[in-house]
Amino acid sequence: MKDENCIFCKIADGKIPTEKIFENDKVVAFRDIDPQAPTHVLVIPREHFASSSQVEDDSIFGDLVGSAVKIAKDLGLDESGYRMVINTGKQGGQSVPHLHLHLLAGRNLGWPPG
Ligand code: 5GP
Ligand code: ZN
């Protein structure tokens with residue numbers, strides 16, 4: 001399913017030209033427009049889910065996390081480390097209503113998150 005008004009659906013479909021870091025039949029990955037770390041990649045499903053809580057087939061989470069781990073390896077982040085985050089809903093800090101995984105790296109990331 002697609003949402004005509006969704007910015008990430010448009011990116012996944014190539015309607016908004018965006019340099020892809022990785023893609024396969026299930027997911028697309030590209031750099032965040034407002035990076036919060038030296039490496040900040042978004043991994044999204046091609047299919048539109050408004051958030052993690054709207055997913056019916058859990059296998060998409062394996063595709064998202066598995067792709068992010070592969071991208072991290074390809075970018076040479078294994079030794080220094082990285083973080084994967086899925087913000088969900090209002091208190092989770094989600095601002096774009098299309099499921100996405102943040103891959104963050106390149107600096108010491110604080111914990112707990114704000
Ligand atoms: P959220 O706050 O929903 O977890 O994350 C949404 C992310 O999408 C933010 O980090 C924001 O900077 C990023 N973002 C929003 N619009 C665009 C866009 O048009 N292109 C790209 N590359 N990133 C975007
Ligand atoms: Zn969408």
Side-chain angles (χ1 to χ4, degrees):
M1 249 189 61
K2 293 283 172 191
D3 179 334
E4 293 293 314
N5 299 312
C6 171
I7 191 148
F8 284 1
C9 282
K10 288 180 186 166
I11 288 174
D13 287 353
K15 287 177 183 153
I16 298 175
T18 307
E19 190 192 338
K20 310 269 171 45
I21 291 197
F22 173 82
E23 61 185 319
N24 63 22
D25 58 330
K26 295 281 175 18
V27 311
V28 176
F30 52 92
R31 293 195 189 272
D32 196 291
I33 202 169
D34 180 21
Q36 301 302 310
T39 298
H40 188 170
V41 173
L42 298 173
V43 189
I44 69 170
R46 288 189 181 278
E47 195 174 341
H48 180 87
F49 304 105
S51 78
S52 62
S53 62
Q54 301 302 306
V55 168
E56 285 164 14
D57 179 354
D58 288 347
S59 68
I60 193 63
F61 295 119
D63 293 313
L64 291 173
V65 174
S67 300
V69 170
K70 178 184 164 21
I71 292 163
K73 278 185 187 147
D74 290 349
L75 295 178
L77 303 173
D78 274 21
E79 267 196 34
S80 48
Y82 54 90
R83 183 173 295 170
M84 297 179 281
V85 176
I86 298 177
N87 296 327
T88 301
K90 198 174 162 206
Q91 288 198 336
Q94 185 180 3
S95 61
V96 175
H98 178 127
L99 173 62
H100 50 280
L101 180 153
H102 296 260
L103 171 64
L104 296 147
R107 67 173 172 84
N108 290 316
L109 298 163
W111 191 265

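Just so you know, residue 1 is the first one in the sequence shown, and it goes up from there. Counting starts at 1 for both ligands and their atoms, in listed order.
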(request) Enumerate the residue pairs fulfilling side-chain hydrogen bond (donor to acceptor under 3.5 Å, both in side chains) with a member in residues 98-114, sequence neighbours excluded, ordered by first and then second residue. (result) His40-His102, His48-His98

Please report the closest heavy-atom contact between [X] and [Y], naming both atoms and the distance.
X: Lys26; Y: Asn24; result: N-OD1, 2.8 Å
X: Gly81; Y: Ala105; result: O-CB, 3.7 Å
X: Asp34; Y: Asp32; result: N-OD1, 2.8 Å
X: Asn87; Y: Val85; result: OD1-CG1, 3.3 Å

(request) Before accepting this row, confirm whether a basic side-chain N of the pair Glu23/Arg46 lies closer than 4.0 Å to the acidic partner's carboxylate O. (result) yes

Taking heavy atoms and a distance under 4.0 Å, where does [X] meet ligand 1: side chain, backbone, both or neither?
X: Val96; result: both
X: Gln36; result: neither
X: Ile16; result: neither

(message) Treating Asp3 as the side-chain partner and Asn5 as the backbone partner, does any N or O pair qualify as donor plus acceptor under 3.5 Å?
(response) yes

(request) Output yes when a side-chain donor or acceptor of Ser53 lies under 3.5 Å from a complementary backbone atom of Ser51, and no otherwise. (result) no

(request) Indicate, with yes or no, if Leu99 and Met84 share a hydrophobic cluster defined by side-chain heavy-atom contacts under 4.5 Å among Ile, Leu, Val, Met, Phe, Trp and Tyr. (result) yes

(request) Pick, from Pro97, Gly92, Ser95, the option with the minimum heavy-atom distance to atom 3 (O) of ligand 1. (result) Ser95

Does an N or O anywhere in [X] fall below 3.5 Å from an N or O of ligand 1?
X: Asp32; value: yes
X: His40; value: no
X: Asn87; value: yes
X: Gly93; value: yes

Considering the heavy atoms of [X], write down every atom of ligand 1 situated less than 4.0 Å from one of them.
X: Asp34; value: 12 (O)
X: Gln94; value: 3 (O)
X: Leu42; value: 8 (O), 13 (C), 23 (N)

[atom] - nearest protein heavy atom and its distance:
atom: atom 22 (N) of ligand 1; answer: Arg31 O, 2.9 Å
atom: atom 19 (O) of ligand 1; answer: Ile7 CD1, 3.4 Å
atom: atom 23 (N) of ligand 1; answer: Ile33 N, 3.2 Å
atom: atom 6 (C) of ligand 1; answer: His100 NE2, 3.4 Å

(message) For a distance under 2.8 Å, give residue and atom name for each protein N, O or S atom next to the Zn ion (ligand 2).
(response) Cys6 SG, Cys9 SG, His48 ND1, His98 ND1

(request) Decide side chain to side chain contact (heavy atoms under 4.5 Å, CB included) for Gln94 and Val96; before the verdict, give the C-alpha distance in whole Å, the side-chain angles of both, and the deciding distance to 0.1 Å. (result) CA-CA 6 Å; Gln94 185 180 3; Val96 175; 5.8 Å; no

Result block: side-chain N/O donor-acceptor pairs under 3.5 angstrom for residues 61-79, not counting sequence neighbours:
unit_1, atom_1, unit_2, atom_2, d
Ser67, OG, Asp63, O, 2.6
Lys70, NZ, Asp74, OD2, 3.1

(message) Can you list everything that forms a ring pair (Phe, Tyr, Trp, His ring centres under 6.0 Å) with Phe30? Sequence neighbours excluded, please.
(response) Phe8

(message) Between Thr88 and Ser52, do the side chains contain a donor N or O and an acceptor N or O under 3.5 Å apart?
(response) yes

